[in-house]
Amino acid sequence: MPELPEVEVTRLSFAERIAGARVQSVRLGKPLRWPLGVDPLVLAGRTVRGVRRRGKYLLLDLDRGVLLLHLGMSGSLRFDTAMPELALHDHFDLVTDLGVLRLNDPRRFGAVVYAESEAAPEAVKLLGGLGVEPLGGEFDLAAFHAALKKRKAPIKQVLLAGDVVVGVGNIYASEALFLAGIRPTLAAARISKPRAARLHAAIREVLARAVAKGGSTLRDFSNAQGESGYFQLEAMVYDRKGEPCRVCGSPIRMIRQGQRATYFCPVCQKP
DNA sequence: AAAAGCCCCTGGATGC
DNA sequence: TGCATCCAGGGGCTTT
């Protein structure tokens, strides 16, 4: 589920409310992708300084150490004052004096991992290989084009890999390529400078717009206040197989790339 | 080094 | 109604 927009929308929905909270206890449900990596008891008494985002990870900064949270495919966070017992699919609770931060994740591809710092091995293992942030100033066009030049794989899969630019998942990769007019199957290395510039702009535009719309709620995403997103209503190609292109009317096509669905308009997007 | 496949897991939709 | 199959916002790990 959650790509950069959903993760950022989640962050925005509780970062200010949890800042300054004192951890009282940690409750664990079923195992997630990785173990927490620390005795939950030692986290009691620590203070939450703030919440940052790196790619699709949330970083919960404590006065000592950091919690790395990932929502996987089906995870969502809630931050609320009244939260009694862990229910089905609730697998992590950070109980604080200001409220409970709860991870609900049916498929359990998500994770909460503790690290002493961002430079600690456990954090570097997860964050070390990530590409640049698309919405920040470091997303440089020349560097982006140069990175694409080194890849022979289809552009869709290079975007998904996340080692060039982070945060673009299966929905927004298809959407950005539509906006840029580029066929998802085109080898990344064959993208010209002008087309790379269109793609660069399209990625920023689609992600920023999705954040503004509260993300995409396909089945179960909601932010930490329980609110759904609305970007899916204005998707140009994602999940629109056979439906008319909103620009030219041609039927949207669906293909499979690396066992993931890709959607595109055969007329608007040139090989 | 880069690319391609394989898993992890649960639930909903679809088909017979 | 029941059961089997396929598919889903991710990504680390192993194998080519």
Side-chain angles (χ1 to χ4, degrees), chain A residues 1-11 29-35 37 53-58 68-77 87-92 103-113 121-131 146-176 184-190 203 206-207 210-211 213-223 228-235 237-241 254-263:
Chain A
M1 148 234 156
E3 304 182 31
L4 183 150
E6 290 74 31
V7 177
E8 180 64 8
V9 162
T10 296
R11 188 185 74 81
K30 287 187 187 176
L32 292 162
R33 179 164 191 166
W34 298 294
R53 181 189 55 73
R54 179 73 178 96
K56 297 171 189 169
Y57 286 91
L58 286 177
L68 282 65
L69 288 80
H70 199 289
L71 302 180
M73 285 278 259
S74 58
S76 60
L77 288 174
L88 184 67
H89 300 143
D90 291 336
H91 303 305
F92 177 87
L103 174 66
N104 179 277
D105 185 4
R107 291 176 73 179
R108 291 190 283 128
F109 288 176
V112 183
V113 175
E122 313 83 65
V124 171
K125 187 181 86 170
L126 300 179
L127 307 176
L130 298 183
L148 295 187
K149 278 283 172 213
K150 297 176 187 166
R151 302 293 203 92
K152 292 180 178 171
I155 181 61
K156 158 83 175 339
Q157 288 171 257
V158 171
L159 292 178
L160 277 192
D163 50 354
V164 173
V165 57
V166 292
V168 184
N170 210 40
I171 297 177
Y172 302 110
S174 284
E175 293 298 311
T185 48
L186 181 62
R190 299 189 54 190
I203 289 169
V206 75
L207 294 179
V211 171
K213 289 287 173 179
S216 295
T217 297
L218 297 188
R219 47 171 58 84
D220 53 13
F221 170 73
S222 62
N223 67 26
S228 298
Y230 295 93
F231 184 84
Q232 73 281 3
L233 299 176
E234 53 191 74
V237 291
Y238 185 81
D239 206 19
R240 299 194 63 238
K241 178 183 180 182
M254 195 271 271
I255 59 173
R256 211 154 268 288
Q257 293 180 288
Q259 42 265 93
R260 316 283 309 266
T262 298
Y263 300 86

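Chain letters run A, B, ... following the sequence lines, proteins first, then strands; residues in each count from 1. Any value given below was found using the heavy atoms of this structure, including those in side chains, with hydrogens, waters and symmetry copies removed.
Counting to the nearest Å, the C1' atom of C:dA8 and the CG atom of A:D239 are 10 Å from each other. A:K241 has its NZ atom 18 Å from the P atom of B:dA13, to the nearest Å. If you take CZ of A:R54 and P of C:dG11, they are 12 Å apart, rounded to a whole angstrom. Residue A:R107 contributes atom CZ, which lies 13 Å from atom P of C:dC7 at whole-angstrom precision. Rounded to whole Å, atom P of C:dG10 lies 11 Å from atom CZ of A:F109. Rounded to an integer number of Å, the gap from CG of A:L71 to P of B:dC9 is 19 Å.
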Atom pairs under 3.5 Å: protein N/O with N/O of nucleotides 13-16 of chain C:
none

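As judged by a 4.0 angstrom heavy-atom cut-off over every strand, A:A261 is placed among residues touching the sugar-phosphate backbone only. Among the atoms of the strands shown, none is found under 4.0 Å from any heavy atom of A:Y172.
The side chain of A:H89 contributes an N or O atom lying less than 4.0 Å from OP1 or OP2 of B:dG11. Residue A:R108 places at least one side-chain N or O closer than 4.0 Å to OP1 or OP2 of B:dT10. Here A:R256 does not reach the OP1 or OP2 of C:dC6: none of its side-chain N or O atoms lies under 4.0 Å away.
Put simply, CG on A:L148 and CG on A:L186 are 10.0 Å apart, with the number rounded to the nearest 0.5 Å.
Stems are defined here as 3 or more consecutive Watson-Crick or G-U wobble pairs with pairing distances under 3.5 Å; those involving DNA chain C are B:2-8 with C:10-16, B:10-16 with C:2-8.
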I'd like to compare against my own output: the B/S/- annotation of nucleotides 1-6 of chain B with a strict under-4.0 Å heavy-atom distance to protein.
--S-SS

